Amino acid sequence: MTNTLIAERPAGGPPRPYVFPAVTRTAVTGGEVVAAHLPGQRMAYAGVLLEAGVVREPAGREGVGKITADLLREGTERKTGDEFALALESLGASWSGSVDADVLRVGVQAPVDRIAAAVALVAEALRRPRLAEADFERVRQDRVAKLTTAWAMPGTRANEALMRGLYLPESRYSKQDTGTVASVSALTLDDVRAFHAAHLAAGGTLLLAGDLTGVDAAELGEILLGQAAPEPVPAVPTAARELKNREIVVVDRPGSVQSVVAIAHHGPRRDTEDYTAIEAMGTILGGTFNSRLNHQLREVKGYTYGARGGFELGRDSGIFSASASVHTEVTAPAAADALAEIERIKAEGVTDDELASTKAYRTGSLPIALQTPGSVGGALAQIVEFGLPDDYFTRKYTEYIKLEKDDVDAAAARRLFPEHAVVVIEGDAEKILPGLKEAGIGEVRVDTEGQA
Amino acid sequence: MTEVKSDPGTPQAEAAAASFPWPIHEAVLENGLRVVVSPDPTTPIAAVNLWYDVGSRHEPAGKHGFAHLFEHLMFEGSSHVAKGEHFEWVTAAGGAAINATTNPDRTNYFQVMPSAQLELALWLEADRMGSLALTQETLDNQREVVKNERRQRYDNPPYGRWVEYAFELTFPEGHPYRHTTIGSMEELQAAALEDFQDFNAVYYSPNNAVLTVAGDVDPQEVVRLAEKYFGGIQKHGAIPPAPDGVLPQLKIGETKRRVEPDDSVPRPMTFFMFRAPDSRDDSFTAIEVLAAVLGRGRGSRLYRKLITEKNLAQREEAYTSTWGLAYGASVFIGLFSPRDGVEASEVEAEFLAVLDAMADGSAPVTETELGRAKALLTSDWLRAVGELGGRADMLGQYATLEGDPKAVREYLARLDAVTAEDVQRLAALILPADNRVVIEYVKPASPDAAEEAAA
């Protein structure tokens, strides 16, 4: 049996250019509506972005933002939690809430013919929540239990140790966005009420994405945004820990059959002028299946199911991180290999092929990633959070086309610091410590600070 | 020239309630490859998806996990594509969302391309269908990757093996759904190259696959390209029948329980599994509604009873759901974790009381509950077909499992037709005590265990 196959790889044509959906901005009393029209899309997203990120949380009250967002679903002045859920779900709407360092976002996805009704429910929950003691107590206990569960999962302890390695103890960034068992256990309903009054009660930006034919954006804005919020005060500075020599930090997870290897150091802020070059370099190093980290650790060595790395840049603080879950026996060589890949790209830069491929990937995959109302809503959130131009995602196309090898090599040389990195290894300490000490990849210490 | 059958679909204006308003074109190549095309020029991209009608249910005893390991080997090179180049060429052409998955019933391979690069994806898929390179080196490497996948997903995380435990109790010895897709470490270790050569020769044949393209494409052109790239692949002959999944009776026959004492779990957790009619059965949509009424979302019965009213369990978005399996039986699943200081047995009694009240008709499904469940499932559907990757996969699914991609147009009407009586009838069939598997993770009896874990 012989198959006749075409030997020559098809070259393909130039892409039909992608244009991000037209963004319209409508000023209303309480803020602004930022809307993207997606013709033919029968689901819609509506969300409110508020200046209520975790940097706004008082010291010792870490996690209050997330709890407050959770509690919004537990009833309003007019509806019990059960009644509210029934009303929302009967629209086919799904609720989402997220919080990062800088902003808090709550929203819904619903069929577009029901989005106005869903927005009215979000408004009721956000501006006039019930915030009752019994509900708070249940939600808080639940969050504590979730944090305890998460702590038992692979990777959580590594992540916590990484944040302690990167930031000083007084920095909000040194703790998880969801808070700790201690901080969440200590929360009271008054903390939630105070956080709500200060950051969620007024203002914000309404994000809309979907087929908005027949949707009155201004009217939805009036329903949701109400009165304007006072001008936010500047957030407390980051308080990064200065990194000198590379540290190998071991976090014990007894009985673990894999180790989580996580490497991190500081990065620039989101508004850095070389953002696109950094993103391209991060993609080549650890952003795709064919990235150097995944290729070496998974495809060449078979150490892991997957290795990734890249930059996450916020308004005031950025980090580079790379991670993989590896078989316990190969922990030390996997960490050494990952570090070697970071050193190599820093010293030697990228190849022409890698750059060409990454440019095509980043431009080509943009419209693929931005097909749904939820993902376009996320893109609008980035535009608002970081003050990007409305046509940012269309411009990104052009920026990538203009990107040159020198730009990306410079980003690798300037933005990667494997010699100063914090390398956290979470695994069965008894099994992995001897190998790590012998590996000679840096001073090894054991972090026992972590607790559920 | 291959004949193309076209079904125009509903015009957008009338499509408010339609499951699938886009046109569907079908063709069959001489070698048996079925081609499905659904054009939509909204965005300059195209999803390319292949369903092979082979999954872990086809694996004989001693070779569990091989269908999934084979899926990995499909990325390791073919006559004109070197190891790893599938990902490389797709990403270099601006493609994304590239992956493959294996489940008990089937294996799917997919990517979304800029539409100007459609041909590249077809070339890559054809090359590996027609000339997969199976070498000892790539087998050894991917075996390690899969063993790490097993560790990462099943062995290392708390509760990671509950599905394996549950399948073993839910399905009888020798049943094709009794084992999980990931397989066992020992059998993966023992896998020989010939196993995969045989697997390829039997199942990876054009007449055992459906190629679906959805997006910014012309159907005639897609069929012409399918002929160009796949037309030279010979069919391997008749596909042997899959192991029989038909069960002598739907029900398990009793309540089976496994108690799993486990120090490493953060808290006790109880899982349920019930046998249910398979996903091709007319009643399957009513089973999805049942799962949503009982245990999906903040407004579901289980949430309102266990959390709001009695405060007995941890909050979850879903307490019950369905896993559609196509041949013989599906499974309906449930889970809860008791709140600190509450006995699992107390929660289990309340949990089962909610199920029993539905099954015995003492608490019939209300119109509000029915409307809520249908609204949630409608949104799921609109979300799934609202992006091209999901749309192509759905067409491949209907073409493979139902034999007709156009059956994709019927979903919302089927959902709409589900009545409260249907839901209660299915509850009475699936949920009673003679059809239950219970997997109970318990912390070993030490009163201070919780505090120790937290210390």
Side-chain angles (χ1 to χ4, degrees), chain A residues 1 3-7 9-10 12-16 18 39-43 73 81-82 85-86 89-92 94 110-111 138 141-142 145 148-149 152-154 181 255-258 288-290 295 298-299 302 304-305 325 327 356-357 360-361 363-365 367-369 371-372 451-452, chain B residues 12 42-45 79-80 84 87-88 91-97 112 114-117 119-120 123 126-127 130-131 141 144-145 148-149 151-152 155-158 228-229 232-234 264 266-267 297-299 304 308 311 314-315 340 371-372 375-376 378-379 382-383 386-388 453-454:
Chain A
M1 183 171 67
N3 294 329
T4 316
L5 293 163
I6 308 286
R9 176 163 54 92
R16 197 149 73 73
Y18 170 73
Q41 180 57 254
R42 292 180 289 171
M43 292 294 288
R73 301 175 69 182
D82 284 356
L86 213 54
E89 290 168 2
S90 293
L91 298 171
S94 54
R138 201 175 60 238
Q141 279 176 17
D142 214 85
T148 314
T149 305
M153 298 290 177
V181 169
S256 205
V257 302
Q258 286 189 318
T288 64
F289 187 85
N290 280 96
H295 180 75
R298 170 177 160 136
E299 293 300 295
T304 178
Y305 180 52
S325 291
H327 187 200
S357 160
Y361 168 67
T363 49
S365 63
I368 298 170
Q371 287 181 74
T372 64
Q451 51 180 257
Chain B
Q12 285 285 344
T42 312
T43 312
I45 58 179
S79 284
H80 307 101
F87 273 94
E88 192 173 327
T91 43
V112 184
S115 44
Q117 292 288 348
E119 213 168 333
L120 174 67
W123 176 74
D127 210 58
S131 68
N141 168 271
E144 290 310 306
V145 171
N148 276 316
E149 181 177 356
R151 290 183 189 105
Q152 189 168 328
D155 297 330
N156 209 26
K228 174 176 172 188
Y229 290 104
I233 303 173
Q234 307 290 313
S264 72
R267 51 192 316 110
R298 176 70 182 76
R304 286 180 284 141
T308 326
N311 200 15
Q314 297 297 317
R315 276 193 308 161
D340 288 341
R372 170 189 161 282
L376 288 173
T378 301
S379 289
L382 295 179
R383 239 191 306 275
E387 52 96 21
L388 293 171

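Chain letters run A, B, ... following the sequence lines, proteins first and then strands; every chain starts at 1. It should be emphasised that the depicted structure is a prediction, and the values quoted were computed from it without experimental measurement. Any value given below was found using the heavy atoms of this structure, including those in side chains, with hydrogens, waters and symmetry copies removed.
Here the closest non-hydrogen pair linking B:G84 and A:N290 is O-ND2, 3.2 Å. When all heavy atoms of A:N3 and B:G130 are compared, the pair lying nearest together is ND2-O, 2.7 Å. Across B:P157 and A:P154, no two heavy atoms sit closer than the pair CA-CD, 4.1 Å. Residues A:S256 and B:N156 share a closest heavy-atom pair of OG-OD1, 3.5 Å. Across B:N148 and A:T304, no two heavy atoms sit closer than the pair ND2-N, 3.3 Å. When all heavy atoms are compared, the tightest approach of B:N141 to A:R298 is ND2-O, 3.4 Å.
Considering B:R298, B:R304, B:R372 as possible partners of A:D82, the one that fulfils the salt bridge (Lys or Arg N to Asp or Glu O under 4.0 Å) test is B:R298.
Only the side chain of A:M43 comes within less than 4.5 Å of a heavy atom in chain B; its backbone stays farther off. In this structure, the portions of B:L376 lying under 4.5 Å from any heavy atom of chain A include both its backbone and its side chain. Heavy atoms of B:T378 lying under 4.5 Å from chain A are absent altogether. If you measure heavy-atom distances from A:Q41 to chain B, the contacts under 4.5 Å come from the side chain alone. Only the side chain of B:R267 comes within less than 4.5 Å of a heavy atom in chain A; its backbone stays farther off. Residue A:T372 touches chain B through its side chain alone, counting heavy-atom pairs closer than 4.5 Å. Heavy atoms closer than 4.5 Å to chain B are found in the backbone of A:P39, but not in its side chain.
Chosen from B:G95, B:S379, B:G386, the residue pairing most often with chain A at heavy-atom distances under 4.5 Å is B:S379. Looking only at heavy-atom pairs under 4.5 Å with chain B, the residue among A:Q258, A:Q141, A:R73 that has the most is A:Q258. The choice from A:G81, A:P111, A:S94, A:P14 that makes the most heavy-atom pairs within less than 4.5 Å of chain B is A:G81. The residue among A:A152, A:A369, A:G92, A:G255 with the most heavy atom pairs within less than 4.5 Å of chain B is A:G92. If you tally non-hydrogen atom pairs under 4.5 Å between each of B:E144, B:R383, B:K228 and chain A, the highest count goes to B:R383.
Taken to the nearest 0.5 Å, the OG1 atom of A:T4 stands 6.5 Å off from the CD atom of B:Q234.
In this structure a side-chain-to-backbone donor-acceptor pair under 3.5 Å is missing from B:E119 to A:P10. Remark: the backbone N or O of B:Q314 is not paired with any side-chain donor or acceptor of A:D142 at under 3.5 angstrom. Side-chain atoms of B:T91 never come within 3.5 Å of backbone atoms of A:Y361 as a donor-acceptor pair (strictly under, hydrogens ignored).
The shortest distance between side-chain heavy atoms of B:F87 and A:T288 does not fall below 4.5 Å.
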